[in-house]
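Here's the structure, in structure tokens; my notes come after.
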Amino acid sequence: MSLHSLYVCKKQGFDFEAKKLLREIRELLGIKSVGDLKVINRYYVSGISPVVFEKAKGNVFSEPQVDSITDVLPGADETFAVEYLPGQFDQRADSCEQCIQFISGGDRPCVKAAKVYQLPDRKSVV
């Protein structure tokens with residue numbers, strides 16, 4: 001069993017979290033040079049077979065109607081991620097582990113989750 005990576009981003013029109021954060025960056029912080037923002041959920045999963053991972057993609061990690069799923073992080077001008085430190089409780093990762101264990105009927109996998117923030121374009125402020 002190998003390490004699987006997955007990136008889940010809300011489709012346009014459903015990206016409310018990103019739009020709210022972008023508005024706060026521009027209005028509250030006064031940073032007008034941020035042209036756009038993407039919020040991506042990153043998952044690293046180990047301890048499951050490729051078959052179980054494929055099944056979990058649409059059942060555990062995403063809502064296919066509103067999410068775009070990819071195995072590779074899209075490129076952007078600026079990218080940074082925020083994740084829990086080892087030993088801190090991550091509710092999102094724990095929930096994924098429980099769901100995968102339930103659908104696989106096997107051992108509990110290891111899931112590491114993070115929020116990835118991307119600034120795809122930077123516009124210059126005059």
In the structure I gave you, are the side-chain heavy atoms of Asp71 and Tyr7 within less than 4.5 Å of one another anywhere? no
Quick one: does Ser46's side chain have a donor or acceptor within less than 3.5 Å of a partner on Leu3's backbone? no
Would you say the side-chain atoms of Arg26 pair up with the backbone N or O of Val34, donor to acceptor, closer than 3.5 Å? yes
Residue pair Ala76 / Thr79: nearest heavy atoms and the distance that separates them: CB-OG1, 3.8 Å
Applying the 4.5 Å side-chain criterion to the ILVMFWY set and letting contacts propagate, would Ile69 and Val52 be lumped into a single cluster? yes
For the backbone of Pro64 and the side chain of Lys11, can you confirm whether one donor and one acceptor N or O come within less than 3.5 Å of each other? yes
Identify whether Val116 and Tyr84 are in the same connected component of the hydrophobic contact network (ILVMFWY, side-chain heavy atoms under 4.5 Å). no
Can Glu17 and Lys20 be counted as an ion pair, charged N to O under 4.0 angstrom? no
When rounded to the nearest 0.5 angstrom, what is the spacing between NZ in Lys10 and OG in Ser62? 8.5 Å
Heavy-atom side-chain proximity of Phe14 to Gln65 below 4.5 angstrom: no
Any chance you could measure Glu24, atom CD, to Ile31, atom CD1, to the nearest 0.5 Å? 12.0 Å
Joint cluster assignment, Tyr44 & Val72, ILVMFWY side-chain distance < 4.5 Å: no
Surrounding CG of Asn59 (heavy atoms of other residues, nucleotides or ligands, distance under 6.0 Å), is the total greater than 12? yes
If you measure from CZ on Arg42 to CG on Leu73, what distance do you get to the nearest 0.5 Å? 9.0 Å
How close do Ile40 and Pro74 get, heavy atom to heavy atom, and via which atoms? CD1-CD, 4.3 Å
Heavy-atom closest pair (Val111 atom, Glu97 atom, distance to 0.1 Å) is N-OE2, 2.9 Å
Note, Leu6 side chain near Val45 side chain (heavy atom, < 4.5 Å): no
Taken to the nearest 0.5 Å, the spacing of Leu119 CG from Lys38 NZ works out to 11.5 Å
Counting distance only, does the side-chain N/O of Asp67 pair as donor-acceptor with the main-chain N or O of Glu63 below 3.5 Å? yes
Euclidean distance, Lys32 NZ relative to Ile25 CD1, rounded to 0.5 Å: 11.5 Å
Might you confirm whether atom CD of Gln91 has over 12 heavy atoms from other residues, nucleotides or ligands at distances under 6.0 Å? no
Is there a chain of hydrophobic side chains (I, L, V, M, F, W, Y, each step under 4.5 Å between heavy atoms) that links Val66 to Phe16? no
Identify the two heavy atoms, one from Ser5 and one from Phe53, that lie closest to each other, and give their separation to 0.1 Å. O-CZ, 3.9 Å
Would you compute the distance between atom CZ of Arg108 and atom SG of Cys96 and round it to the nearest 0.5 angstrom? 10.5 Å
Any side-chain heavy-atom pair of Lys115 and Val39 under 4.5 Å: yes
Shortest non-hydrogen contact from Cys99 toward Val60: CB-CG2, 3.8 Å
Provide the closest heavy-atom pair for Ile100 versus Ile48 in the form atom of the first, atom of the second, distance. CG2-CG2, 3.7 Å
Following the transitive rule for hydrophobic clusters with a side-chain heavy-atom cut-off under 4.5 Å over Ile, Leu, Val, Met, Phe, Trp and Tyr, establish whether Val82 and Leu22 coincide in one cluster. yes
